[in-house]
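Everything on this sheet refers to the single structure shown next.
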Amino acid sequence: MSYLSKEVLDGLRSAERRGLGRKHRLRIQVDGETYPILDLWDDGFAIAADTAPALRGYVDLYDGARQMAKCLIMRADEDGDVLTYTFKWRTEVFANPPVDFEQDPDAPVAYLR
């Protein structure tokens with residue numbers, strides 16, 4: 001049971017959503033379009049329903065300008081004005097290619113001639 005009017009509850013929800021969006025620089029990119037992520041967890045994420053169409057398939061996950069992962073997603077649930085998605089798979093993206101040998105942590109970065 002709620003003691004607040006519908007307008008007040010709608011205002012509180014929209015303020016909360018704006019606050020969540022400001023905390024994170026997380027976003028997904030699909031076909032050249034970007035959508036801000038409200039919340040991210042291990043097996044999925046949430047976005048505002050009014051900012052993005054129903055998404056599915058391959059997406060890229062970014063933190064600011066840095067790509068974090070390539071993902072295959074599917075829509076899980078709609079809770080009012082928030083859409084939640086789950087990852088079918090998520091592959092992390094690294095800045096450097098993997099190496100197949102042990103690297104010495106004290107090795108010089110460059111040699112001078």
Leu38 to Ala48 - nearest heavy-atom pair and separation
CD1-N, 3.6 Å

Measure the CG-CG distance between Asp31 and Asp60 for me, rounded to the nearest 0.5 Å.
10.0 Å

Residue pairs meeting ring-ring contact (aromatic ring centres under 6.0 Å, His included), one or both in residues 69-89, sequence neighbours left out, come to Phe45-Tyr85, Phe45-Phe87, Tyr58-Trp89

Which value, rounded to the nearest 0.5 Å, describes the distance between Lys88 atom NZ and Arg56 atom CZ?
11.5 Å

Under the criterion side chain to side chain contact (heavy atoms under 4.5 Å, CB included), I'd like the reasoning laid out for Val59 against Tyr35: C-alpha separation, chi angles, the key distance, then a yes or no.
CA-CA 11 Å; Val59 299; Tyr35 305 103; over 6 Å; no

Asp104 CG: over 12 foreign heavy atoms closer than 6.0 Å:
yes

Mind listing the closest non-hydrogen atom pair of Glu92 and Met68 along with its distance?
OE1-O, 3.3 Å

With a cut-off of 6.0 Å (strictly less than), are more than 12 heavy atoms of other residues, nucleotides or ligands near CZ of Arg75?
yes

Looking at Asp43, I want to see if its CG is surrounded by more than 12 non-hydrogen atoms of other residues, nucleotides or ligands under 6.0 Å.
yes

Report yes or no: does Arg27 contribute a side-chain atom to a donor-acceptor pair with the main-chain N or O of Gly64 at less than 3.5 Å?
yes

For residues Ile47 and Ala52, report the shortest heavy-atom separation together with the two atoms involved.
CD1-CB, 3.5 Å

For Gln29 and Tyr62 the tightest heavy-atom approach is OE1-CE1, 3.1 Å

For Leu83 against Glu78, the heavy-atom pair lying closest together:
CD2-CG, 3.5 Å

Thr84 side chain to Asp77 backbone, donor-acceptor under 3.5 Å
yes

Are Ile73 and Leu55 close enough, and set up right, to give a side chain to side chain contact (heavy atoms under 4.5 Å, CB included), and what steps lead you there?
CA-CA 8 Å; Ile73 62 168; Leu55 302 171; 4.1 Å; yes

Which pair of non-hydrogen atoms, one from Cys71 and one from Leu61, has the smallest distance, and what is that distance?
SG-CB, 4.3 Å

